[in-house]
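Since the structure comes first, as structure tokens, the remarks are kept for the end.
One is the number of the first residue; the rest follow in order along the sequence.
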Amino acid sequence: MTSQQAITPALVEAFAPTGTLRAAINVGNPILANRPATGGDPVGVSIDLASEFARRLGLPVELVVFEKAAASVEAVRGEQADIGFFAIDPARGEGLRFTAAYVLIEGSYLVPESSALTENAQVDCPGQRISVGSGSAYDLFLTRELHQAEIVRLQGAPAALAALRNGEVEVAAGIRQVLEGETLRAPGVRVLPGRFMVIQQAMGTPSSRGADAQALLAAFVQEMKASGFVAEAMKRHHIQGASVAP
């Protein structure tokens with residue numbers, strides 16, 4: 001996406017048939033989007049990318065805000081939004097087309113301070129219950145990868161963390177930055193060293209928008225990484241625990 005001339009009226013209409021670029025925003029992932037404490041529209045890296053893409057299309061942008069990744073995915077798949085920001089996962093492929101990743105995020109485990117667990121490899125064993133946000137990238141990954149532990153799916157990261165605090169599970173899985181924040185919020189829990197997965201965050205659009213639209217979005221993401229736009233947005237929003245994807 002090297003020039004404004006490459007964006008034809010047909011591509012603009014393909015991306016935004018309503019005349020407004022509707023961007024699905026998941027505020028459940030604080031690395032990408034947050035609701036300001038003072039109120040108002042969400043802010044974050046994904047909002048910056050959506051706004052810049054809309055600007056290049058010559059369109060206004062509408063933020064369609066969700067609390068969970070799964071709801072954001074379904075909105076784009078169902079064409080209630082034109083673009084979205086999701087973790088790449090095979091389970092999400094139907095009806096969507098993803099760009100390459102623009103941000104890499106670590107998925108980690110949280111355990112009580114008293115837990116005997118000291119490393120990630122010890123988690124997948126009989127008797128271990130792991131709470132996850134239902135439909136999250138780490139839920140989808142652990143569903144495929146864990147063979148002995150029980151996955152307890154709950155409505156979002158706060159519920160998954162509360163389950164650990166309440167003794168309903170032995171482990172909570174989540175975005176490392178969120179888990180580290182939980183250790184600072186109140187004593188009694190710790191994050192296991194390292195990570196169990198790398199979450200590849202990408203942009204996506206409905207498959208029905210066509211190959212040219214998919215190629216345009218993919219080129220946009222590549223340019224945003226190469227130009228430093230993504231790195232600058234992460235710095236501006238004080239994002240830690242993530243890196244720009246190569």
Side-chain angles (χ1 to χ4, degrees), residues 26-34 66-74 77 84-94 96 98 101 103-202 204 239-243 245:
N26 168 31
V27 293
N29 183 344
I31 287 180
L32 301 182
N34 280 287
F66 299 94
E67 302 294 332
K68 295 173 51 185
S72 180
V73 169
E74 287 306 316
R77 182 180 284 132
F85 300 83
F86 331 111
I88 299 171
D89 190 277
R92 292 176 173 169
E94 184 179 354
L96 296 175
F98 294 99
V103 165
L104 303 178
I105 302 171
E106 294 185 343
S108 297
Y109 292 126
L110 187 74
V111 298
E113 283 283 7
S114 59
S115 173
L117 298 175
T118 58
E119 57 185 53
N120 294 325
Q122 298 169 337
V123 169
D124 188 18
C125 65
Q128 297 287 356
R129 297 166 297 178
I130 305 169
S131 60
V132 300
S134 178
S136 63
Y138 43 92
D139 174 15
L140 300 177
F141 177 85
L142 293 175
T143 297
R144 291 191 299 271
E145 298 297 322
L146 296 185
H147 303 291
Q148 300 182 82
E150 176 189 353
I151 298 176
V152 179
R153 297 174 180 84
L154 300 168
Q155 295 301 305
L161 297 177
L164 180 72
R165 294 277 190 184
N166 295 336
E168 299 164 12
V169 297
E170 287 70 45
V171 182
I175 295 169
R176 187 172 188 86
Q177 184 187 43
V178 173
L179 303 186
E180 289 175 343
E182 181 67 9
T183 68
L184 298 175
R185 187 184 68 80
V189 292
R190 58 184 169 85
V191 180
L192 292 184
R195 65 198 186 199
F196 64 81
M197 72 175 298
V198 174
I199 302 167
Q200 300 182 72
Q201 289 289 338
I239 299 305
Q240 298 179 340
S243 60

Does [X] use its side chain to pair, donor to acceptor, with the backbone of [Y] at less than 3.5 Å?
{"X": "Asn120", "Y": "Pro193", "answer": "yes"}
{"X": "Ser115", "Y": "Pro112", "answer": "no"}
{"X": "Asn26", "Y": "Gly28", "answer": "yes"}
{"X": "Ser108", "Y": "Gly194", "answer": "yes"}
{"X": "Ser131", "Y": "Ala160", "answer": "yes"}
{"X": "Arg92", "Y": "Glu74", "answer": "no"}

- Message: Once side chain to side chain donor-acceptor pair (under 3.5 Å) is applied, what residue pairs with a partner in residues 146-164 remain, sequence neighbours excluded?
- Response: Lys68-Gln155, Asp139-Arg153, Thr143-Arg153
For residues [X] and [Y], determine if any side-chain heavy atom of one lies less than 4.5 Å from a side-chain heavy atom of the other.
{"X": "Glu106", "Y": "Ile199", "value": "no"}
{"X": "Ile130", "Y": "Val152", "value": "no"}
{"X": "Ser243", "Y": "Val103", "value": "no"}
{"X": "Arg190", "Y": "Val111", "value": "yes"}
{"X": "Leu179", "Y": "Gln177", "value": "no"}
{"X": "Phe98", "Y": "Leu96", "value": "yes"}
{"X": "Val123", "Y": "Leu192", "value": "yes"}
{"X": "Asn29", "Y": "Phe85", "value": "no"}

I need the minimum non-hydrogen distance between [X] and [Y], along with the two atoms involved.
{"X": "Phe66", "Y": "Ser72", "answer": "CD1-CA, 3.7 Å"}
{"X": "Arg165", "Y": "Val189", "answer": "NH2-CG2, 3.5 Å"}
{"X": "Pro30", "Y": "Ile239", "answer": "O-CD1, 3.9 Å"}
{"X": "Ile105", "Y": "Ala242", "answer": "CG1-CB, 4.1 Å"}
{"X": "Leu154", "Y": "Ala163", "answer": "CD1-CB, 3.7 Å"}
{"X": "Tyr138", "Y": "Gly133", "answer": "CE1-N, 3.7 Å"}

- Message: Run Leu110 and Glu182 through side chain to side chain contact (heavy atoms under 4.5 Å, CB included) and show every step you take.
- Response: CA-CA 9 Å; Leu110 187 74; Glu182 181 67 9; 3.8 Å; yes
- Item | With Tyr109 via ring pair (Phe, Tyr, Trp, His ring centres under 6.0 Å) - residues at least two apart | Phe196
- Over 12 non-hydrogen atoms of neighbours within 6.0 angstrom of CD in Glu94: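 Atom CD in Glu94 is not packed in, count stays at 12 or less.
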- Give a yes or no on this: more than 12 heavy atoms of other residues, nucleotides or ligands lie within 6.0 Å of atom CD of Glu119.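 More than 12 within 6.0 Å, yes.
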- Query: What do the steps show when you test Gln122 against Thr118 for side chain to side chain contact (heavy atoms under 4.5 Å, CB included), and what is the final call?
  - Reply: CA-CA 7 Å; Gln122 298 169 337; Thr118 58; 3.4 Å; yes
- Message: Between Ile175 and Ile31, is the side chain to side chain contact (heavy atoms under 4.5 Å, CB included) condition met? List the steps.
- Response: CA-CA 9 Å; Ile175 295 169; Ile31 287 180; 3.8 Å; yes
- Task: For Arg129 and Ile151, run side chain to side chain contact (heavy atoms under 4.5 Å, CB included): C-alpha distance rounded to whole Å, both residues' side-chain angles, the deciding distance at 0.1 Å, then the answer.
- Result: CA-CA 6 Å; Arg129 297 166 297 178; Ile151 298 176; over 6 Å; no
